[in-house]
Protein chains: 2
Amino acid sequence: MAVHKKEEFSTKEQSLAAFAKAISHPARIAILSVLAKRNQCICGEIVEVLPLAQSTVSQHLKELKNAGLIDGETDGPRSCYCINWKAFEKFNTDFNSLFEKLKEANAKCC
Amino acid sequence: MAVHKKEEFSTKEQSLAAFAKAISHPARIAILSVLAKRNQCICGEIVEVLPLAQSTVSQHLKELKNAGLIDGETDGPRSCYCINWKAFEKFNTDFNSLFEKLKEANAKCC
DNA sequence: TTTATTTATCGTTTTTTTACGATTAATCTA
DNA sequence: TAGATTAATCGTAAAAAAACGATAAATAAA
């Protein structure tokens with residue numbers, strides 16, 4: 001029970017799911033949105049904007065970074081983050097390659 | 001602690017996150033992929049293809065349905081499912097409206 | 001050099017997710 | 001009508017996620 005079976009799916013399925021998981025929380029969407037608007041941002045600015053504790057924001061940033069959606073480098077005592085647009089392009093491509101083509105071919109349900 | 005704060009984010013952030021959450025598991029990506037290829041499908045066919053128990057697949061189907069990504073109707077003792085493409089279009093639109101425009105405006109990080 | 005600022009990490013708690021077997025409900029078929 | 005099929009639901013257990021405060025580490029400023 002509760003043994004995770006994610007490994008038993010295809011690489012593409014896993015990587016799409018991993019990207020989706022990274023953006024599956026409104027706080028992380030909000031972080032990405034701020035980064036998109038400002039190009040780059042230090043952690044403190046993000047903390048100011050979100051209704052979450054600093055440690056929680058740091059945790060979300062870490063997840064986004066681990067998933068490859070953002071890049072970050074330290075700048076003195078601060079950390080500067082920005083979006084990794086390539087990851088987004090890859091997601092778009094993979095996502096569309098799974099679904100987009102098939103849209104028009106399909107009629108309604110059952 | 002561990003009080004969820006999702007409600008404190010914008011509607012758009014929440015709805016994007018909810019869609020992403022729905023596709024944040026490889027099993028659910030796999031289900032959608034099968035549905036996209038076959039247009040429609042009964043539950044049993046999906047169970048056959050996935051490395052998961054019937055009850056688990058049913059649970060994933062329920063999540064996809066609750067999130068509005070698929071439609072399903074019962075057909076005798078079977079259940080027939082198909083993709084709700086409108087939900088996908090909405091996601092694409094919202095997703096792009098948050099990020100797409102900003103891509104070219106942005107240079108590299110920090 | 002001491003103090004302040006900034007952010008990551010640690011430890012913890014609560015909630016949610018994932019997964020399964022067993023059971024139930026509904027509908028076919030013999 | 002009795003038995004078989006199909007799928008949803010229930011109960012449960014283990015794992016992961018979300019959130020926070022406290023602390024540590026690194027750098028800047030006084």
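Labels below follow one simple rule: chain letters A, B, ... track the order of the sequence lines, proteins then strands, and each chain is numbered from 1. Being a predicted model, the structure only gives us computed values, none of them experimental.
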- request: Report yes if the distance between the aromatic ring centroids of F91(A) and F95(B) is under 6.0 Å, otherwise no.
  value: yes
query: Tell me: CD1 of I46(B) to C1' of dA7(D), nearest whole Å?
result: 11 Å
Which pairs would a plain distance check flag for residues 43-60 of chain B, meaning a side-chain donor or acceptor within less than 3.5 Å of a matching protein atom at least two apart in sequence or in another chain?
{"from": "E45(B)", "atom 1": "OE1", "to": "I42(B)", "atom 2": "N", "distance (Å)": "3.0"}
{"from": "H60(B)", "atom 1": "ND1", "to": "R28(B)", "atom 2": "NH1", "distance (Å)": "2.9"}

field: Value in whole Å for how far the C1' atom of dA19(D) lies from CZ of F9(B)
entry: 11 Å
query: At under 4.0 Å, does any side-chain N or O of H60(B) touch on OP1 or OP2 of dA19(C)?
result: yes
- prompt: What's the CD-C1' distance between E8(B) and dC20(D), to the nearest Å?
  reply: 14 Å
task: In sequence, state the C-alpha distance, the side-chain angles, and the governing distance for R38(A) and C82(A), and then conclude on side-chain contact (heavy atoms from CB on, under 4.5 Å).
output: CA-CA 9 Å; R38(A) 302 199 197 170; C82(A) 67; over 6 Å; no
- request: Verify the contact: side-chain N or O of K5(A) to OP1 or OP2 of dC20(C), cut-off strictly under 4.0 Å; return yes or no.
  value: yes
query: Between atom CG in N66(A) and atom P in dA18(D), what is the gap in whole Å?
result: 13 Å
task: Determine whether more than 12 heavy atoms belonging to other residues, nucleotides or ligands lie under 6.0 Å from atom NZ of K6(A).
output: yes
statement: Assign each of L52(A) and T74(A) the nucleotide of DNA chain D bearing its closest heavy atom; nearer the 5' end lies the nucleotide of L52(A)
message: Treating N84(B) as the side-chain partner and L69(B) as the backbone partner, does any N or O pair qualify as donor plus acceptor under 3.5 Å?
response: no
task: Starting at atom CD of E73(A), determine the distance to atom P of dT27(D), rounded to an integer number of angstrom.
output: 14 Å
- line: Of K6(B) and G76(A), the one whose nearest nucleotide on DNA chain D sits closer to the 5' end is K6(B)
- request: Could you tell me the separation between the CD atom of E13(B) and the CD1 atom of I23(A), rounded to the nearest 0.5 Å?
  value: 12.0 Å
- prompt: Can any side-chain N or O of T93(A) pair as donor or acceptor with the backbone N or O of E89(A) at less than 3.5 Å?
  reply: yes
query: Does the side chain of N92(B) reach to within under 4.5 Å of the side chain of N96(A), using non-hydrogen atoms?
result: yes
- request: Please list residues of residues 15-27 of chain A whose heavy atoms come under 4.0 Å from any atom in DNA chain D, ordered by number; otherwise none.
  value: K21(A), H25(A)
query: Would a 4.5 Å heavy-atom cut-off, applied to side chains only, mark K90(B) and D94(B) as touching?
result: yes
Between the protein and nucleotides 4-10 of chain C, list the N/O to N/O atom pairs that are separated by less than 3.5 angstrom.
{"from": "dT7(C)", "atom 1": "OP1", "to": "C43(A)", "atom 2": "N", "distance (Å)": "3.4"}
{"from": "dT7(C)", "atom 1": "OP1", "to": "G44(A)", "atom 2": "N", "distance (Å)": "3.4"}
{"from": "dT7(C)", "atom 1": "OP2", "to": "G44(A)", "atom 2": "N", "distance (Å)": "3.0"}
{"from": "dT7(C)", "atom 1": "O3'", "to": "S79(A)", "atom 2": "OG", "distance (Å)": "3.2"}
{"from": "dA8(C)", "atom 1": "OP1", "to": "S79(A)", "atom 2": "OG", "distance (Å)": "2.8"}
{"from": "dA8(C)", "atom 1": "OP1", "to": "Y81(A)", "atom 2": "OH", "distance (Å)": "2.5"}
{"from": "dA8(C)", "atom 1": "OP2", "to": "S58(A)", "atom 2": "OG", "distance (Å)": "2.5"}
{"from": "dA8(C)", "atom 1": "N7", "to": "Q54(A)", "atom 2": "NE2", "distance (Å)": "2.9"}
{"from": "dA8(C)", "atom 1": "N6", "to": "Q54(A)", "atom 2": "OE1", "distance (Å)": "3.1"}

